[in-house]
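Because only heavy atoms are used, hydrogens play no part in the values below, and waters and symmetry mates are left out as well, while side chains stay in.
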Amino acid sequence: METLESELTCPICLELFEDPLLLPCAHSLCFNCAHRILVSHCSSTKPLESISAFQCPTCRYVITLNQRGLEGLKRNVTLQNIIDRFQKASVSGPNSPSESRRPRPFSASVSVSLSGRGSPASSSAMSAERVACQFCEQEPPREAVKTCVTCEVSYCDRCLRATHPNKKPFTSHRLVEPVADAHLRGLACLEHENEKQTLENNLANLVKRNSELEDQMAKLIQICQQVEVNTAMHEAKLVEECDELVEIIRQRKQVIAVKIKESKVMKLRKLAQQIANCRQCLERSSALITQAEHSLKENDHARFLQTARNVAERVAMATASSQVLIPDVNLNEAFDNFALDFSREKKILEGLDYLTAPNPPSIREELCTASHDTITVHWTSEDEFSVTSYELQYTIYTGQTNFISLYNSVDSWMIVPNIKQNHYTVHGLQSGTRYIFFVKAINQAGSRNSEPARLKTNSQPFKLDPKTAHKKLRLSNDCLTMEKDESSLKKSHTPERFSSTGAYGAAGNVFIDSGCHYWEVLLGASTWYAVGVAYKSAPKNEWSGKNSSSWVFSRCNNNFVVRHNGKEMLVEASLQLRRLGVLLDYDNNALSFYDAMSSQHLHTFDISFLLPVAPTFMIWNKSIMILSGLPVPDFVDCPEQQEGMCRQQESPYVSGMKGCH
């Protein structure tokens with residue numbers, strides 16, 4: 001109730017809201033408290049009527065008043081009703097005056113039976129009182145045989161049969177042994193003892209829901225205001241951009257018009273010159289024709305011969321040079337080959353639209369690749385041509401399923417900005433570790449994220465460390481195979497070398513302190529071996545698993561055991577086991593063994609790792625080969641499967657087994 005009351009308290013007067021106003025920011029305030037806020041802003045130069053705004057005391061949102069002042073704000077009727085019910089529920093109770101019982105039926109006819117009221121409400125007292133029927137019309141009324149808690153009336157046998165036939169709704173009435181009125185209220189309260197608490201709970205839930213709705217409404221109001229601001233900004237930007245386009249078109253119109261006029265003047269000048277040349281040639285040709293015609297009309301042969309020769313030479317010369325005298329006419333000078341084609345620009349203008357953020361890209365997990373320290377992420381985008389760049393974000397996956405909360409944890413994310421391709425290779429990652437990747441597509445309008453993708457680096461690759469190999473073991477040149485060899489004795493003693501008789505072991509050349517790593521051991525024909533992990537401090541003069549610093553899976557002839565701290569436990573496995581899978585999940589404190597051929601889970605150690613561990617191997621016959629740096633197989637790929645996998649029942653360890661010492 002205290003929590004509920006705090007929700008109904010005014011932030012100014014710290015009392016329950018009285019005549020609450022619903023502010024535009026979705027908070028509430030007492031009318032008188034709002035009035036006091038306005039009064040506090042008054043001065044000699046600023047009367048109350050001139051105050052047109054004030055700040056919400058809860059969120060500091062500026063409340064603008066209209067001409068009606070505070071009367072122009074809406075009353076929060078719903079909140080007032082809740083407060084009224086809360087106050088009524090707070091003052092009411094089983095002993096409060098407001099809980100007075102309703103009038104008892106037929107009270108006038110049962111006055112003679114009230115002598116027993118006021119006695120203790122014990123079962124013996126109730127049974128000792130004589131309770132009269134409250135429905136009988138005779139005087140004195142008969143003795144009651146039952147009291148109906150639902151009706152709050154006691155009945156004799158006859159009246160009970162008359163008023164409560166064996167049919168609905170009377171079959172649901174609660175009938176008890178006769179009870180006096182003084183004790184009936186207690187029974188009725190027991191009947192409804194949970195109703196008050198239920199009402200309070202419902203009221204509290206309703207108030208909480210209203211508070212959530214108010215918060216939601218405040219957020220929606222803020223979004224609406226932001227929409228208004230953004231819309232106005234975009235509209236102004238649209239006008240500005242279109243005005244710039246119109247100005248560019250106007251300027252280009254002027255430039256092209258000037259070019260057309262200049263071309264016109266130049267072409268007309270050339271044409272005028274050509275016309276003048278033609279006119280001059282025409283005049284000369286016409287004069288020659290006139291002279292020749294005049295010579296042809298000459299009747300005097302002597303005079304004709306005298307002039308004809310001169311005219312004939314001039315005509316012959318004019319005829320021979322006619323192509324020179326007549327100027328060529330260039331049709332291009334008519335402006336026929338000039339055109340204004342703005343179809344491409346029109347198409348571009350018709351496609352004008354506001355730019356939106358690109359659709360979220362999609363990470364193609366089937367195309368992504370990994371090594372022990374790199375992951376190459378591939379993705380696709382439907383809006384590739386509208387994307388300016390991509391941004392790749394990644395972090396180590398901790399098993400958190402709420403990706404929104406994980407994404408908001410900004411400090412844990414690595415960011416690769418300004419990627420131009422649809423792929424990127426991340427280097428320097430932890431081996432055997434699962435990562436979460438997001439890809440963000442970006443343009444001038446905004447950005448959108450892809451769905452998260454969980455990608456994993458491969459296991460840490462390693463080889464057998466020659467410095468640790470027992471002197472009776474022979475390692476291959478690539479340090480991936482170890483073989484028992486009694487003749488191989490040319491090895492110097494070092495502290496890290498397996499040294500004692502029977503401890504024919506070698507360790508991997510890495511120490512692992514994080515991630516999930518998987519390797520396999522090709523067992524060949526070996527029937528006596530041990531495979532597992534160990535701390536660097538594990539003794540080298542005894543079998544692995546005989547101490548608290550090593551954990552191994554071992555075959556001892558026809559028996560398969562797991563061993564730790566000198567204790568062994570039988571494990572069911574096939575004698576045809578030829579390929580042993582080892583899963584070291586350092587982060588989840590587990591070491592598991594599998595039959596890699598059949599995908600059978602053999603055993604899992606639950607280990608609280610304190611130090612880095614190295615892979616360790618022992619053989620007593622034949623040879624084994626190491627395959628490391630492998631991806632985790634699908635059947636053991638995720639920690640969830642590991643947690644849900646049925647682990648082998650941990651029966652008590654035995655101190656030793658025959659043939660394994």
Closest approach of L583 to C516 (non-hydrogen atoms, all atoms of both residues): CD1-SG, 3.6 Å
Modelled atom types, side-chain donor and acceptor of S550 and S544, under 3.5 Å: no
Rounded distance [0.5 Å steps], OG1 in T356 versus CG in D383: 7.0 Å
Euclidean distance, N588 CG relative to I607 CD1, rounded to 0.5 Å: 12.5 Å
Short side-chain to backbone donor-acceptor contact, N443 and G446, under 3.5 Å: yes
Separation of Q226 CD from L220 CG (nearest 0.5 Å): 13.5 Å
Inter-residue atom distance L206.CG - N81.CG, 0.5 Å rounding: 10.5 Å
Cation-pi, Y435 ring and K456 (6.0 angstrom, 45 degrees): no
Main-chain N/O of V227 paired to T231 side chain as donor or acceptor, under 3.5 Å: yes
W379-Y390 aromatic ring centre distance below 6.0 Å: yes
Short side-chain donor-acceptor distance under 3.5 Å, N418 and K420: yes
R563 versus A530, closest heavy-atom pair with distance: NH2-CB, 4.0 Å
Heavy-atom side-chain proximity of I419 to E391 below 4.5 angstrom: no
Working for ring pair (Phe, Tyr, Trp, His ring centres under 6.0 Å), residues W551 and Y535: CA-CA 9 Å; W551 299 259; Y535 292 145; 5.4 Å; yes
Pair Q460-S431, side-chain donor/acceptor within less than 3.5 Å: yes
Main-chain N/O of G432 paired to N458 side chain as donor or acceptor, under 3.5 Å: no
A534 backbone acceptor or donor facing T616 side chain under 3.5 Å: no
Side chain to side chain contact (heavy atoms under 4.5 Å, CB included) partners for C25, two or more places apart: L23, H27, C56, C59, Y61, I63
Atom CD of E496 with >12 non-hydrogen neighbours under 6.0 angstrom: yes
Heavy-atom side-chain proximity of Y394 to M414 below 4.5 angstrom: yes
Shortest non-hydrogen contact between N547 and W543, atoms and distance: ND2-O, 3.9 Å
Donor-acceptor pair, side chain of S459 and main chain of Y518, under 3.5 angstrom: yes
Test item: L8 and F86 side chains (from C-beta on) under 4.5 Å apart, heavy atoms: yes
Whether over 12 other heavy atoms sit under 6.0 Å from E212 CD: yes
Side-chain donor-acceptor pair present, D478, S476, cut-off under 3.5 Å: yes
Distance-only polar pair, side chains of S447 and N449, donor-acceptor under 3.5 Å: no
Chi angles and distances behind the side chain to side chain contact (heavy atoms under 4.5 Å, CB included) call for I626, T481: CA-CA 6 Å; I626 313 303; T481 301; over 6 Å; no
For V552 against G545, the heavy-atom pair lying closest together: CG2-CA, 4.1 Å
L523 side chain reached by L580 side chain, heavy atoms, under 4.5 Å: yes
Side-chain heavy atoms of N210 within contact of L79, under 4.5 Å: no
Considering all heavy atoms, the nearest L575-R555 contact: O-NH1, 3.5 Å
Distance-only side-chain donor-acceptor flag, T527 / N621, under 3.5 Å: yes
Heavy-atom side-chain proximity of D606 to N589 below 4.5 angstrom: no
Under 3.5 Å side-chain donor-acceptor pair for D595 and S598: yes
Result of checking R474, K472, K622 against D485 for salt bridge (Lys or Arg N to Asp or Glu O under 4.0 Å): R474
Enclosure of E451 CD (heavy-atom neighbours >12, cutoff 6.0 Å): no
Aromatic ring proximity F593/H603, centre distance under 6.0 Å: no
S574 and Q600: CA distance, side-chain angles, deciding distance, side chain to side chain contact (heavy atoms under 4.5 Å, CB included) verdict: CA-CA 10 Å; S574 170; Q600 176 190 357; 5.5 Å; no
S450 side, atom OG; Q393 side, atom CD - distance, nearest 0.5 Å: 9.0 Å
Heavy atoms from other residues, nucleotides or ligands near OH of Y424 exceed 12 (cutoff 6.0 Å): no
Rounded distance [0.5 Å steps], OG1 in T457 versus NE2 in H517: 7.5 Å
Within-4.5 Å side-chain heavy-atom neighbours: E520 and Y594: no
Side-chain H-bond candidate by donor/acceptor type, Y397 with R454, under 3.5 Å: yes
Beyond-backbone contact of Q576 with R578, side-chain heavy atoms, under 4.5 angstrom: yes
V562 and S554: CA distance, side-chain angles, deciding distance, side chain to side chain contact (heavy atoms under 4.5 Å, CB included) verdict: CA-CA 6 Å; V562 288; S554 178; over 6 Å; no
Polar side-chain atom of N509 near backbone of L464 as donor-acceptor pair, under 3.5 Å: no
Closest non-hydrogen atom pair between N422 and T380, with its separation: ND2-CA, 4.1 Å
Worked check of side chain to side chain contact (heavy atoms under 4.5 Å, CB included) between L570 and F560: CA-CA 6 Å; L570 282 171; F560 294 90; over 6 Å; no
